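In this text, all values refer to a predicted model and were calculated from it rather than measured experimentally. Any value given below was found using the heavy atoms of this structure, including those in side chains, with hydrogens, waters and symmetry copies removed.
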Amino acid sequence: MRIFPFTLSGVEGCRLPFAALAAVLLLTACDEKKDGPAPSRFAAVKKSAAPSASAFCEKSYPATGEGARAYLPPATRPFGAPGRPAAGWRWVNVWATWCQPCVEEMGVLTRWRDALEGEGLPVTMELVSIDDDSAESALKAWREKKLPGAISWLRSEADLGPFLDGLGVERGAAIPIHALVDPTGALRCVRVGAIHEANYGQVRDVLAGK
């Protein structure tokens with residue numbers, strides 16, 4: 001029996017495999033990539049509601065004071081050349097090769113990165129893959145493509161839950177997940193679900209401190 005990643009109520013995001021019965025009951029589905037279905041090692045990750053296109057940040061945190069939250073990077077395994085050190089804002093994108101919305105928005109992320117730099121708001125993209133061990137070849141192929149940022153690879157399934165906890169996101173959250181980290185290392189904005197062209201203005205305002 002084959003299990004596919006899917007979504008609820010038209011929300012764009014990839015739910016990791018849950019149960020075959022649940023897949024039958026759902027009305028919409030996330031297209032499967034030819035690299036294969038979502039790996040069973042991440043079966044504990046469920047679906048959470050994502051924000052609409054009109055609101056980019058599902059969670060917002062202040063830079064300092066009460067409620068401020070430092071960004072805690074995940075434990076990753078060695079995987080190719082590391083990305084260049086971030087001197088300003090960082091955009092952390094949690095994705096997987098089998099997640100159709102994740103791979104479809106890579107082009108948007110690249111365009112936004114270039115547009116933001118052109119507006120004097122440079123941001124370093126960091127692509128954190130939660131693929132399992134079987135996806136090493138696929139990830140190496142993706143690494144050779146023109147991507148918005150360097151790929152890092154989550155060390156193990158056990159590291160996923162604590163990483164999501166650090167983002168203030170439920171362990172059952174869908175991917176893609178986007179997090180904006182300011183130059184001081186403070187987590188400022190988290191979105192669960194795919195991005196939309198209409199979100200560019202909101203992202204620009206976050207980076208500009210508006």
Open item on the list: Holding to side-chain contact (heavy atoms from CB on, under 4.5 Å), I want the full list of residues that pass it with Glu144, two or more places apart in sequence or in another chain.
Closed with: none

Task: With sequence neighbours excluded, residues passing side-chain contact (heavy atoms from CB on, under 4.5 Å) with Ala75 - done: Arg155, Asp159

Open item on the list: Give me each pair satisfying salt bridge (charged side-chain N to carboxylate O under 4.0 Å, His left out) with a member in residues 174-184, each pair once, sequence neighbours excluded.
Closed with: Asp182-Arg188

TODO: Would you please name every residue forming a salt bridge (Lys or Arg N to Asp or Glu O under 4.0 Å) with Glu66, sequence neighbours left out?
DONE: none

Task: Tyr71 six-ring centre to Arg90 NZ/CZ under 6.0 Å and within 45° of normal - done: no

Task: Nearest atoms (heavy-atom pairs only) where Leu187 meets Tyr61 - done: O-CB, 3.1 Å

Determine all donor-acceptor pairs shorter than 3.5 Å in which one atom belongs to a side chain in residues 203-210; sequence neighbours excluded.
none

- [ ] Please name all residues satisfying salt bridge (Lys or Arg N to Asp or Glu O under 4.0 Å) with Lys59, sequence neighbours left out, ordered by chain then number.
- [x] none

Open item on the list: If you define the side chain from C-beta out and look only at heavy atoms, does anything of Leu180 sit under 4.5 Å from Trp89?
Closed with: yes

TODO: Check whether any side-chain heavy atom of Trp98 lies under 4.5 Å from a side-chain heavy atom of Asp132, and answer yes or no.
DONE: no

TODO: For the residue pair Asp131 and Leu154, establish whether any side-chain heavy-atom pair is separated by less than 4.5 Å.
DONE: no

TODO: Apply salt bridge (Lys or Arg N to Asp or Glu O under 4.0 Å) to Arg77 and Glu136, showing your working.
DONE: CA-CA 11 Å; Arg77 67 187 84 188; Glu136 183 171 4; over 6 Å; no

Open item on the list: Working to the nearest 0.5 angstrom, can you tell me the gap between Arg143 CZ and Leu127 CG?
Closed with: 13.0 Å

- [ ] Would you name the heavy atoms of Asn93 and Met106 that are closest together and state the gap between them?
- [x] OD1-CE, 3.8 Å

- [ ] Write down the atom of Thr110, the atom of Leu147, and the distance for their closest heavy-atom approach.
- [x] OG1-C, 4.0 Å

Task: Ile151 CD1 to Lys145 NZ distance, which is reported to the nearest 0.5 Å - done: 9.0 Å

Open item on the list: How long is the straight-line distance from CG of Leu167 back to CG of Leu72, given to the nearest 0.5 Å?
Closed with: 8.5 Å

Task: Test item: Val128 and Pro74 side chains (from C-beta on) under 4.5 Å apart, heavy atoms - done: yes

Task: Nearest heavy atoms of Phe79 and Leu139, plus distance in Å - done: CZ-CB, 3.5 Å

TODO: With the side chain counted from C-beta on, respond yes when Phe56 and Ile195 share a heavy-atom pair under 4.5 Å apart, and no when they do not.
DONE: yes

- [ ] Report yes if the side chains of Trp112 and Val123 come closer than 4.5 Å at any heavy-atom pair, otherwise no.
- [x] no

Open item on the list: Could you check whether any side-chain N or O of Asp114 sits under 3.5 Å from a backbone N or O of Arg111, counting only pairs where one atom can act as donor and the other as acceptor?
Closed with: no

Open item on the list: So, using side-chain hydrogen bond (donor to acceptor under 3.5 Å, both in side chains) as the criterion, who are the partners of Trp95 when residues are at least two apart?
Closed with: none

Open item on the list: Within the 4.5 Å heavy-atom criterion, are Glu157 and Ile130 side-chain neighbours or not?
Closed with: no

TODO: With sequence neighbours excluded, give me every disulfide (SG to SG under 2.5 Å) pair touching residues 166-210.
DONE: Cys57-Cys189

Open item on the list: How close do Ser129 and Trp153 get, counting heavy atoms only, and between which atoms?
Closed with: O-CD1, 3.6 Å

Task: Min side-chain heavy-atom separation Val94-Pro176 under 4.5 Å - done: no

- [ ] Indicate whether any N or O donor in one side chain lies under 3.5 Å from an N or O acceptor in the other, for Glu58 and His178.
- [x] no

TODO: Please name the pair of heavy atoms, one in Ala63 and one in Ala186, separated by the smallest distance, quoted to 0.1 Å.
DONE: O-CB, 3.8 Å

